[in-house]
Number of protein chains: 2
Amino acid sequence: MRPGAGRVTIADVARAAGVSIPTVSKVINQRDGVAPATIVRVQEVVAQLGYETSLVARSLRSSRTGVVGILVPEFEPFSTELLRGISSATTGTGYELLAYAGLVTGADQPGWERRSLSRLSGTLIDGAIVVTPTTALSSSSIPVVAIDPHTGPEGHATVDADNEDGAVQAVEHLLALGHTRIAHLRGRPDLASAQLREAGYRRALVTAGLPVDEGLVRDGGYQEDRSAAVARDLLTIPDRPTAVFAANDSSAVGVLRAAAELGLRVPEDLSVVGFDDVPQASTTTPPLTTVAQPLAELGSRAVEMLLTMLRGEPASDHVRLPTTLRVRRSTGPSPARVTPGA
Amino acid sequence: MRPGAGRVTIADVARAAGVSIPTVSKVINQRDGVAPATIVRVQEVVAQLGYETSLVARSLRSSRTGVVGILVPEFEPFSTELLRGISSATTGTGYELLAYAGLVTGADQPGWERRSLSRLSGTLIDGAIVVTPTTALSSSSIPVVAIDPHTGPEGHATVDADNEDGAVQAVEHLLALGHTRIAHLRGRPDLASAQLREAGYRRALVTAGLPVDEGLVRDGGYQEDRSAAVARDLLTIPDRPTAVFAANDSSAVGVLRAAAELGLRVPEDLSVVGFDDVPQASTTTPPLTTVAQPLAELGSRAVEMLLTMLRGEPASDHVRLPTTLRVRRSTGPSPARVTPGA
DNA sequence: CTGTTAGCGCCTTCAA
DNA sequence: TTGAAGGCGCTAACAG
């Protein structure tokens, strides 16, 4: 590293231009009270040295940074899709985006969002979008919008998809195909989304005048392996279900796997519906029928809400976007009669 | 907001615990030289107040932050896929991730990466992964790894996919199907990836003993609309090509559109190959045959290189990962004879 | 063991 | 029109 490398600071610029630091600051921030000639000279030096204000130093001093933070537990398909929606909705607004994955410690360390928020807020970011927070973020010093909070819409501003209605659509689709023994692999019972999807499942059955067989409701925990194990069991009971509504796509993939192992053909012998429509869903064998959440739109709506709040205007508290059933090949008419194993 | 809201600062903790600020700092950073009783008391207050050190303030002071920066021009499918690979390769390393899209101004503002890097480095992040930089980032104060740099591997550490070989695979696939008049819609001529893909196209033809008809090489600029326009022209010339190798998937989609407008069936009348394998590629009509880059792996390899560099160990300068042809439905045998328009 | 002092890079009064 | 002084939240040296 050559001498004087590191970063070019405002002091370097001031020295090179033969003025004081505050003068440089004024030029950069376009404050008036600087002689035209001085402005030009400073600008030249800035360009020549490739100086850029340090986001850090600036944010420590002044409250506004022009940066919106996206706090995620991890960058996986769900959050990256949101990110895309957020990104496209942000272009042209003058805000920059800073996505932060602060989950160093183990998986479901609760409170990761509080930690991240605390580390970034008050400094660095003017507002935040928190993805799938597990706790309430009531007392924050900056505007916050939560996307798909695990606790459901509480105090703060919230954007989510209509989980319950999506589940209803999924089950109604199966009912329309003539299925009557429809199982449900539910998600993590502590998450609002899982509760809502189960509620939708039950509501659809009840509406259709069918009883809910509690033996057909099992825990898949949103996980593929666990769901596969549970499905193996579920599909070998007497009078097995002819259709399974899995709480998410990972679970559905687990069911598909179990079915293949048991020699059950999908959809001839068994119909499977997932939830989320992750990219992988269209590449399974057969392609998975699933309920899609408008991820990109969830993201863009969240930014819009946040920007409104940043402008100091009142924003709607909760936005709920519709989900859409995506019919692919994993669902079909109910087999006339079910004989175990085939 | 309750009085004294905002952010809980180290001063608040110190006051509440009845100690000085540096003492709190020592406890937090687990430095020794603090009485056990004091440690406990401070920790209690920290927990109670929910205090977290400000990333900004800390980074301003100390050099190491434990945060790796990912600098992208924008969050779109390419960069978000990389992000996933980066994210999974980072878990368990103790590093946090900070993805920054600092592109406020127009689209291809050159030098966005310098600006972003300058704003974050020296503070905030310990190292950076820059996605598709348009210029060389030689003199940086922190370790930097570039993914798919538009200028090709130069001074700095680099990870990219084998663009040329991918193009060769694509064209050889078409040759194997009996095509001899194969057009190429090239990308932006200023980008290394585009140059390499064109080079692969030419090499494959030459290797097969076929002449390169310059009339079949057109500029698609990596853009769908522009490619559609160019394709409309290209597909109506006498002795039109029976296959098109587009420099990326967007261009390929443009070709598909143009073909549909002209009443050409794909793949019966025209075969189309893209490049990138964006998620959308599998949902076009028909699904697009394309060359896939191992995006997630590009990301994870980049992190590995960066972490090695951060450890002060020597790292390999350039990593080039193989590309894979993904054969779907947009390619088929060359039609026996081509009659214009059908 | 604890507290005081001195900045990190920048911006904002306020004087000169 | 310019510069000097102070402080944002924090940590690293020292002094007590």
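Letters go in sequence order (proteins before strands), and every chain restarts at 1.
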[atom1] of [X] versus [atom2] of [N]: gap in Å, rounded?
{"X": "B:Leu60", "N": "D:dC8", "atom1": "CG", "atom2": "P", "value": "13 Å"}
{"X": "B:Leu124", "N": "D:dC8", "atom1": "CG", "atom2": "P", "value": "20 Å"}
{"X": "A:Leu55", "N": "D:dC8", "atom1": "CG", "atom2": "C1'", "value": "14 Å"}
{"X": "B:Ile21", "N": "D:dC14", "atom1": "CD1", "atom2": "P", "value": "21 Å"}
{"X": "B:Gln30", "N": "D:dT11", "atom1": "CD", "atom2": "C1'", "value": "15 Å"}
{"X": "A:Leu49", "N": "C:dG9", "atom1": "CG", "atom2": "C1'", "value": "15 Å"}
{"X": "A:Arg15", "N": "D:dG3", "atom1": "CZ", "atom2": "P", "value": "14 Å"}
{"X": "B:Lys26", "N": "D:dT11", "atom1": "NZ", "atom2": "P", "value": "12 Å"}

Verify the contact: side-chain N or O of [X] to OP1 or OP2 of [N], cut-off strictly under 4.0 Å; return yes or no.
{"X": "B:Ser54", "N": "D:dG9", "result": "no"}
{"X": "A:Arg58", "N": "C:dC11", "result": "yes"}
{"X": "A:Thr38", "N": "D:dT2", "result": "yes"}
{"X": "B:Arg31", "N": "D:dA12", "result": "yes"}
{"X": "B:Thr23", "N": "C:dG3", "result": "yes"}

Side-chain donor-acceptor contact under 3.5 Å, A:Glu76 with A:Ser79 = yes

Hey, mind stepping through A:Thr90 and A:Thr93 against side chain to side chain donor-acceptor pair (under 3.5 Å) and telling me if it holds?
-> CA-CA 6 Å; A:Thr90 307; A:Thr93 62; 5.2 Å; no

A:Arg64 to A:Tyr95, cation-pi by 6.0 Å centre distance and 45° axis angle = yes

Minimum-distance nucleotide to [X] side chain [options: [options]]:
{"X": "B:Ser25", "options": "C:dG9, D:dC10, D:dT11", "result": "D:dT11"}
{"X": "B:Thr53", "options": "C:dC11, D:dG3, D:dT11", "result": "D:dT11"}
{"X": "A:Val34", "options": "D:dT2, C:dC8, D:dA4", "result": "D:dT2"}
{"X": "A:Thr9", "options": "D:dC10, C:dC1, C:dG9", "result": "C:dG9"}
{"X": "B:Ile10", "options": "D:dG3, D:dC10, D:dG7", "result": "D:dC10"}

Using a 4.0 Å heavy-atom cut-off across all strands, classify A:Val19 as base, sugar-phosphate, or nothing.
-> sugar-phosphate

One should read off an interatomic distance between B:Leu124 CG and A:Leu124 CG, to the nearest 0.5 angstrom, of 5.0 Å

Criterion side chain to side chain donor-acceptor pair (under 3.5 Å) on B:Thr134 and B:Glu113, from CA distance to verdict = CA-CA 8 Å; B:Thr134 55; B:Glu113 60 278 333; 3.1 Å; yes

When B:Pro22 and A:Asp32 are each assigned the nearest nucleotide of DNA chain D, the 5'-most assignment goes to A:Asp32

